[in-house]
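Report on the structure given below.
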Amino acid sequence: MKNKEKITKAFSAALPYTIPIFAGFWFLGLTYGIYMNASGFNVWYSLLMSTLIFAGSMEFVTVGFLLSSFDPIQAFLMTLMINARHLFYGISMLNKYGGKGWKSFYLIFGMCDESFSINYSVDIPKNIDEDWFMLFVTLLNQIYWVSGAVMGALFGSLIAFNTEGIEFVMTAMFTVIFMEQWMKEKRHVFSLLGLLLSIICRIVFGAGAFMIPAMITILISLGMMKPKFDKAEVGE
């Protein structure tokens with residue numbers, strides 16, 4: 001009974017922190033489900049992909065991979081580029097997520113930007129079990145995403161409407177992410193460099209083959225420039 005009370009209190013404490021995330025996750029998940037349906041995949045694909053991949057941006061990109069010729073190298077590099085930030089999240093959460101038994105495995109798997117920000121920054125009350133609190137934050141956020149994806153797939157299959165152009169949602173999503181980063185930056189050198197190198201690679205390699213050269217070029221360029229900017233910021 002005491003363990004049940006501990007779990008209930010942890011759930012009640014975690015839920016309010018995830019409510020703001022619900023709106024964004026559910027709407028994006030809904031869009032993703034509709035996009036999956038419009039691309040020819042039934043609701044089970046939306047359910048499995050949103051549950052097992054659980055990486056919003058990558059799930060949109062995966063639709064394109066499934067519809068194109070099999071290219072595991074491109075898929076690997078694209079996944080690494082899109083989700084590379086999770087490597088740094090993981091390092092900062094080693095102490096928090098380590099040594100929690102079976103919970104550690106799910107916390108690591110389910111870590112997304114929103115779950116990381118809550119679990120890393122929230123000052124959990126002493127009377128709340130930290131392990132269960134972080135697990136419920138992660139679980140609730142995934143439930144929001146998966147339920148939205150499933151509802152979107154069902155909605156798209158039950159209601160007939162013109163879905164022409166819906167694939168643009170992926171472009172719009174990455175544009176919004178880019179604009180958010182742009183507004184947070186003090187300097188826009190890196191963003192402009194990424195745009196410039198992508199355009200050059202697009203011209204040189206063509207629309208179907210520019211992505212990997214662009215990613216490699218951007219990584220090398222940023223790696224060479226970052227130490228200089230770090231020294232400049234320290235000098236300021």
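When a residue number appears, it is its place in the shown sequence, counting from 1. This one's a predicted model, so the numbers in the text were calculated from it and none came from an experiment.
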Test of understanding: clusters of I, L, V, M, F, W, Y form through side-chain heavy atoms closer than 4.5 Å, transitively. Do Phe27 and Val146 belong to the same one? no

Is Asn37 reaching over with its side chain to a backbone N or O of Gly33, donor-acceptor style, under 3.5 angstrom? no

Grouping I, L, V, M, F, W and Y whenever their side-chain heavy atoms are under 4.5 Å apart, do Val122 and Ile7 come out in a common cluster? yes

Going by the angle between their ring planes, with limits at 30° and 60°, are Tyr32 and Phe60 parallel, tilted or perpendicular? perpendicular

Flag yes if more than 12 heavy atoms outside Phe133 fall under 6.0 Å of its CZ atom; otherwise flag no. yes

Apply side-chain contact (heavy atoms from CB on, under 4.5 Å) to the pair Ser46 and Phe41, showing each step before the final yes or no. CA-CA 8 Å; Ser46 297; Phe41 299 99; 5.7 Å; no

Is it true that Phe136 and Trp132 have ring centroids separated by less than 6.0 Å? yes

Working to the nearest 0.5 Å, report the span between CG of Leu28 and OG of Ser57. 8.5 Å

Close side-chain approach of Leu107 and Met134, heavy atoms under 4.5 Å: yes

Side-chain heavy atoms of Asn119 within contact of Lys96, under 4.5 Å: no

Between Ile73 and Phe76, is there a shared hydrophobic cluster once you connect ILVMFWY residues whose side-chain heavy atoms come closer than 4.5 Å? yes

Side-chain donor-acceptor pairs under 3.5 Å in residues 10-23, sequence neighbours left out?
| from | atom 1 | to | atom 2 | distance (Å) |
| --- | --- | --- | --- | --- |
| Ser12 | OG | Thr8 | O | 3.0 |
| Thr18 | OG1 | Leu15 | O | 2.9 |
| Thr18 | OG1 | Tyr144 | OH | 2.8 |

Mind checking whether Phe54 and Phe109 have parallel, tilted or perpendicular rings, split at 30° and 60°? tilted

Atom CG of Leu197 and atom OG of Ser221: how far apart are they, to the nearest 0.5 Å? 4.5 Å

With sequence neighbours left out, write down each residue that passes salt bridge (charged side-chain N to carboxylate O under 4.0 Å, His left out) with Asp71, or none if nothing qualifies. none

Once rounded to the nearest 0.5 Å, what's the spacing between atom CD1 of Ile108 and atom OH of Tyr97? 9.0 Å

Is there a path of hydrophobic side-chain contacts, each under 4.5 Å between heavy atoms of I/L/V/M/F/W/Y residues, joining Met58 to Leu52? no

same_hphob_cluster(Ile128, Tyr120) at 4.5 Å side-chain heavy-atom cutoff: yes

Please round to the nearest 0.5 Å and tell me the distance separating atom CZ of Phe116 and atom CE of Met93. 6.5 Å

Between CG of Leu195 and CD1 of Ile199, what distance do you get to the nearest 0.5 Å? 6.0 Å

How about Trp102: does its CH2 atom have over 12 heavy atoms from other parts shown lying under 6.0 Å from it? yes

Quick check against the 3.5 Å criterion: does Gln142 have a side-chain atom that pairs as donor or acceptor with the backbone of Thr138? no

Thr51 (side chain) donor-acceptor with Leu48 (main chain) under 3.5 angstrom: no

Given Lys100 and Phe105, is the side-chain contact (heavy atoms from CB on, under 4.5 Å) satisfied, shown in steps? CA-CA 9 Å; Lys100 300 188 183 302; Phe105 293 99; over 6 Å; no

Begin with the C-alpha distance, continue with both residues' side-chain angles, and end with the deciding distance and a verdict on side-chain contact (heavy atoms from CB on, under 4.5 Å) for Met36 and Val63. CA-CA 7 Å; Met36 283 286 288; Val63 178; 3.3 Å; yes

Look at atom CG of Asn127 and say whether more than 12 heavy atoms of other residues, nucleotides or ligands are closer to it than 6.0 Å. yes

If you measure from CD on Glu130 to CD1 on Ile124, what distance do you get to the nearest 0.5 Å? 4.5 Å

Phe205 versus Pro213, closest heavy-atom pair with distance: CE1-CB, 3.5 Å

Do the side chain of Lys103 and the main chain of Gly99 share a donor and acceptor less than 3.5 angstrom apart? no

Correct closest heavy-atom pair for Asn141 and Phe25 would be O-CD2, 3.1 Å

